[in-house]
**Q** 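Got a structure here, written out as structure tokens. Questions coming.
Side chains are part of it too, since the values below use all heavy atoms of this structure and drop only hydrogens, waters and symmetry mates. Position 1 is the first residue of the sequence; numbering continues from there. First listed ligand is number 1; within each ligand, the first listed atom is number 1.
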Amino acid sequence: MTEEEILTIKSNIANIRSRMDLATQKAGRDPKDITLLAATKMNSAERVQAAIRCGIRCCGENKVQELLDKYELNAYEGADLQFIGTLQTNKVKYLIGKVSLIQSVGSIHLGEVIAREAAKRNTVQDILIEVNIGLEEAKSGILPQELFSCIEELSALSSLRIRGLMAIPPVADANTGNTAYFQQMQRLYEELKSRDYPNVKADTLSMGMTDDFEDAIACGSTMIRLGTAVFGRRNYGSAEV
Ligand SMILES: *Cc1c(COP(=O)(O)O)cnc(C)c1O
């Protein structure tokens, strides 16, 4: 990694911080109430470490194998590690004990498997419920109309702690953006906070990516997940870890 690449990441993060300041100011919110998670997929352990040295305190990985490979290389040292990608049930066991939060629980079955693996290790796993807010056929996540029955079932499992909701809205329409989806998520999140379930401690609404995080902040997001804005465009041609 060159000095220039490190400086680029550093200025990217400074730029994000000032955009967060502006967006929170507009929304009458405190920037301290929003976690900046760096979505680290396709970025090498060295690049992840560079971002952490530039102040990133929370990393999100998408693929279990990539996470394990980089974990071996101490890529995430100095930061909190979370899982944000599609998760196959047979790989859950590799994550327990390594990630503080599994953000992408999009089915009751997956939640049950996580609960079982966590119980085996005598631990409680924090999770977010992923909501398929755009009602997209091809996307995982719980449909909004099924959210509270899903939470009711999973809240019975004491080796899980539900910390809130996560969403990846559809690719935004250039004119309207994703604000309507973010507002729906905000309503669901407020509803969740107003209800009283066991094993639920809702303090996280994870939404907003590189192209729309200011809108997400305006709609109450408490965690934005940024890849491109932190690291620059991902090079899908290289498989370097
Ligand atoms: C890659 C990814 C992000 C970040 O995407 P950018 O548009 O690069 O900021 C956020 N969330 C999830 C789940 C991702 O996979």
Side-chain angles (χ1 to χ4, degrees), residues 5 8-9 11-20 23 34-44 47-48 50-52 54-67 69-70 75-76 79-88 91 95 99-107 110 126-134 136 138-142 163-174 177-179 181-182 185 189 204-217 219 221-241:
E5 288 175 297
T8 300
I9 289 175
S11 79
N12 287 349
I13 293 169
N15 186 33
I16 293 165
R17 290 284 179 204
S18 64
R19 285 171 64 184
M20 285 175 75
I34 296 155
T35 301
L36 166 58
L37 173 145
T40 49
K41 60 173 176 268
M42 317 229 21
N43 282 283
S44 66
R47 290 173 63 79
V48 175
I52 292 169
C54 295
I56 289 293
R57 288 293 164 264
C58 183
C59 294
E61 202 60 77
N62 277 74
K63 295 218 162 82
V64 174
Q65 191 56 53
E66 186 175 343
L67 179 149
D69 290 345
K70 287 193 232 170
Y76 313 108
D80 184 45
L81 176 60
Q82 309 191 355
F83 193 77
I84 60 174
T86 306
L87 179 55
Q88 291 166 284
K91 293 191 175 161
L95 295 183
V99 299
S100 65
L101 183 67
I102 299 175
Q103 294 203 9
S104 38
V105 179
S107 73
L110 177 59
D126 280 348
I127 63 167
L128 301 182
I129 305 297
E130 181 175 349
V131 181
N132 183 354
I133 198 64
E136 294 171 282
K139 216 172 251 177
S140 56
I142 302 282
R163 298 292 296 270
L165 307 178
M166 180 267 222
I168 310 170
V171 175
D173 178 286
N178 276 327
T179 296
Y181 293 116
F182 291 147
M185 286 300 299
Y189 178 63
T204 306
L205 177 58
S206 171
M207 60 185 193
M209 314 202 312
T210 291
D211 290 333
D212 55 20
F213 71 87
E214 282 111 333
D215 292 339
I217 287 172
C219 298
S221 170
T222 71
M223 181 181 284
I224 56 176
R225 310 178 309 267
L226 307 187
T228 311
V230 175
F231 295 106
R233 282 197 56 196
R234 288 179 286 277
N235 178 3
Y236 285 101
S238 108
E240 178 205 9
V241 166

**Q** Hey, could you give me the SG/CD1 distance between Cys54 and Ile9, rounded to the nearest 0.5 Å?
**A**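 Here the rounded value is 6.5 Å.
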**Q** Using modelled atom types only, decide if a donor and an acceptor are shared between the side chain of Thr204 and the backbone of Gly164 within a distance under 3.5 Å.
**A**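 Checking the backbone N and O of Gly164 against the side chain of Thr204, no donor-acceptor pair under 3.5 Å is found.
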**Q** Per the side-chain contact (heavy atoms from CB on, under 4.5 Å) rule, which among Thr210, Asn12, Asp211 passes with Thr228?
**A**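 The residue from Thr210, Asn12, Asp211 that satisfies side-chain contact (heavy atoms from CB on, under 4.5 Å) with Thr228 turns out to be Thr210.
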**Q** For Lys63, give me all partners under side chain to side chain contact (heavy atoms under 4.5 Å, CB included), at least two apart in sequence or on another chain.
**A**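 Applying side chain to side chain contact (heavy atoms under 4.5 Å, CB included) to Lys63 gives Glu66.
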**Q** Could you tell me if the side chain of Met20 sits less than 4.5 Å from the side chain of Ile224, heavy atoms only?
**A**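 The answer is yes; the side chains approach within 4.5 Å.
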**Q** For ligand 1, what are the residues with a heavy-atom contact below 4.0 Å?
**A**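 Answer by chain and number: Ala39, Lys41, Asn62, Ile84, Ile168, Met209, Thr210, Arg225, Leu226, Gly227, Thr228, Arg234.
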**Q** To the closest 0.5 Å, what do you measure between OG1 (Thr40) and CZ (Arg47)?
**A**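 CZ of Arg47 is found 11.5 Å from OG1 of Thr40.
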